[in-house]
Structure formats: structure tokens, C-alpha cells
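As C-alpha cells, the structure follows; a few thoughts come after it.
What you see is a predicted model; the values in this text were computed from it and never measured. Order of the sequence lines fixes the chain letters, A, B, ..., with proteins taken first and strands second; residue numbering starts at 1 for each chain.
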Amino acid sequence: MEDGPDTLPADVDAVRAALIEWYETDHRSYPWRETEDPYEILVSEVMSQQTQLDRVVEAWHAFLDEWPTAEALAEADRAAVVGFWTDHSLGYNNRAKYLHEAARQVRDEHDGEFPRTPDGLQELMGVGPYTANAVASFAFNNGDAVVDTNVKRVLYRAFSELHDKEEPPYQHIADELLPKGRSRVWNNAIMELGAVACGKTPRCDEAGCPWREWCDAYDTGDFTAPDVPTQPSFEGSRRQFRGRVVRALNEYGELPIDELGPRIRVDYSPDGEYGRAWLRSLLEDLSDEGMVQLTERDGAVIARLQR
DNA sequence: TTCCGGTGAT
DNA sequence: ATCACCGGAA
């Protein structure tokens, strides 16, 4: 007796075929769906993790225009890559650093060739389980099932037995649904479903969801989604000021700490509550992360983006 | 004002 | 296990 299939509909093959047909009949068009280059796919995935897709399209073209290959990116100054991220408002600039580092790993540790398996890809900086499976699938048709929050939401609604579990076995269910050897089309399709038909507010009929005849949520009307942890507000947060630091250094090249301060917050005064000591600790963190380079000149701290 | 999310650090 | 990380859009 296997321990998984009993949680799936008896006609798994029909479920698979319905989703693939739905996807292939009509889906949104994105340029990274037209390439099998693992570098181009990786860039699109890292950008897509944090930014609305319509904004990613423009940034993706511009990034590849600037650094067309992993080799080119590996040779770039980190300051240029982080600066690009900031100029295009791509969020978490740590990801620019990871992407840069991953390109160097491909060059230095993999003879310039991308790993072709999820496990190999996951060794790259900034590439976790999700991105590894996405790149393996879309570049090499060689991935396992991707599980991101969109996929979790789809599975949680379609298979209501997941509601009872303390830790729902999303990866297990997703792996069993995936038709072997078809990870490229399958992972595209199930994420398209989560984005187009099964978003936070479901659009089952409007989007012609192919799973309506099997879906527990469509059957019962309970479209509950898995809980997502709440976040502290961005306004006034430390990461807001980090973002301002990177933006200012990208604009001015380098700045002494007391000239940087007023550009970070209007109430900056060197000896105030949010003064030199506060900014110094922010900069030390950014320096420890390899984002910012600190030098001392005439007793004053000078900051600039790490090359 | 709240929402959104994959990864790495600890 | 929990937390920090970004900024546009809803």
C-alpha cells in the first residue's frame, strides 16, 4: 500500500491532462518562456520572486542587454549589479549580490556550465529548492515539482485533506501530480493556474479552471488559503533605510557618513538618537554582507558600494 | 496601510 | 524554528 495516491483523485491522468491542455490552449506570454538558456531563466526567476511580472519584463531585457551571459555577469563589478537592481526598483538588493555570486560560481566551480539538476543548481548562491526546480524544469525539462506559495494555495484548495495536517505535505502531493519527464510544461501550467485562476480571490469560471470537477474548494465553496505569516510594516523599518543607503551610494558614488546621513533621514544629526552611531551600525551590517565598502579618511568614515 | 514572497543567516 | 530583506500595487 503506497501512502500517497489515496489522497489524489483516482483519475490522476485526467487531472494532469486537463491542466496541460488548459495551459497549452491559452496562457500569458513572457519572453523567458521562449528561451531554454539556464542563465536567462535564472535571471527571470530571481527577479520574479519579488516583483510583479510586468515590471520584470523590462528589467529582464535590460539586464541581459548589459550582461548577456553568466560569464559577462561574473566579470561585472558588484556595484554595477547592485546599482542596476536599485535603478530598476527590483527590491531586495541582496538578490543582485547572490546572482552575481552565482555567476562567479558557475565560472569558477562548474567550468562555465550550469548544473543541470535541482541538487546541482541548489549549490548556487541564492538558489533554494524553488528556484532550483524552476531552472531545472524550464531550462532542461529536468526538474521536480515546484512548490511556491501559488502552488501551495492551489493544492490546499483542491485537496482539502491538507487542511487537517499540521504540516501539509505539499511537496509530496506536488511530486505525485507531476507527469514524469514533463516538468517544463507542468510547472509552467500549475503556476499559471495559481496566478490566473486560483489567486487569492479565485476566478474559477472566468478563467475556465480545468480542475473544477475535482476541486474540493469549488465543490464546497470554501476557498480558504494557507496562512501566510504577517510582516512588520515597511514604513520606518530598518530595511527601508538600508534601501535608501544603497540608493544614495549608487547615485553619489561615495559619501562621508555625515553627508550620507541627511540623505537617509531628514532628522539625522550626528549626535542624535538616529545619528552617526545608528548609521554606522547600519553600514557595518551592509559591509559585513559585502554590499558596501567602508574606508576611513581623516578620521571620517567614507561609504561606497562594494565593487 | 496592508499585501506579497524565496533564500540565507542565526 | 524564526527573522530580515525590498518597494510597487491593491
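- Between the NZ atom of A:Lys97 and the C1' atom of C:dA4 there is a distance of 12 Å, given to the nearest Å.
- To the nearest 0.5 Å, the span separating CE on A:Met191 from CG on A:Leu193 amounts to 11.5 Å.
- Distance, A:Arg153 CZ to B:dG6 P: 10 Å, rounded to whole Å.
- Between A:Trp60 and A:Trp32, the ring planes are perpendicular. Angles over 60° get that label, and only those under 30° would be called parallel.
- Across all strands, A:Arg247 comes closer than 4.0 Å only to sugar-phosphate atoms, never to a base (heavy-atom distances).
- Contact annotation: A:Asn94 side-chain N/O to C:dC5 OP1/OP2 distance is not under 4.0 Å.
- Within 6.0 Å of atom CD in A:Glu296, more than 12 heavy atoms from other residues, nucleotides or ligands are found, so the atom counts as buried in its surroundings.
- For the pair A:Asp87 CG and C:dG8 P, the interatomic distance rounds to 12 Å; values are reported in whole Å.
- Looking at heavy-atom distances under 4.0 Å, A:Tyr130 makes contact with sugar-phosphate atoms alone, never a base.
- An OP1 or OP2 oxygen of C:dA4 is reached within less than 4.0 angstrom by no side-chain nitrogen or oxygen of A:Arg238.
- Residue A:Arg95 is classed as a base contact, given a heavy-atom separation below 4.0 Å to a base.
- Contact between the side-chain N/O atoms of A:Lys200 and the OP1/OP2 oxygens of B:dC3 is not found at any separation under 4.0 Å.
- Applying the 3.5 Å distance criterion, the base of B:dG5 shares a donor-acceptor pair with the side chain of A:Tyr92.
- The distance from atom NZ of A:Lys152 to atom P of B:dC4 is 14 Å, rounded to the nearest whole Å.
- You'll find the side chain of A:Glu192 reaches within 4.5 Å of the side chain of A:Trp22, heavy atoms only.
- Remark on DNA chain C: of its neighbouring residues A:Glu167 and A:Gln240, the 5'-side contact belongs to A:Glu167, judged by nearest-heavy-atom nucleotide.
- For the pair A:Glu166 CD and C:dA1 C1', the computed distance is 13 Å after rounding to whole Å.
- A distance of 6.0 Å or more separates the ring centres of A:His110 and A:Phe114.
- Residue contacts for A:Val127: at a heavy-atom cut-off of 4.0 Å it reaches the sugar-phosphate backbone alone, with no base atom in range.
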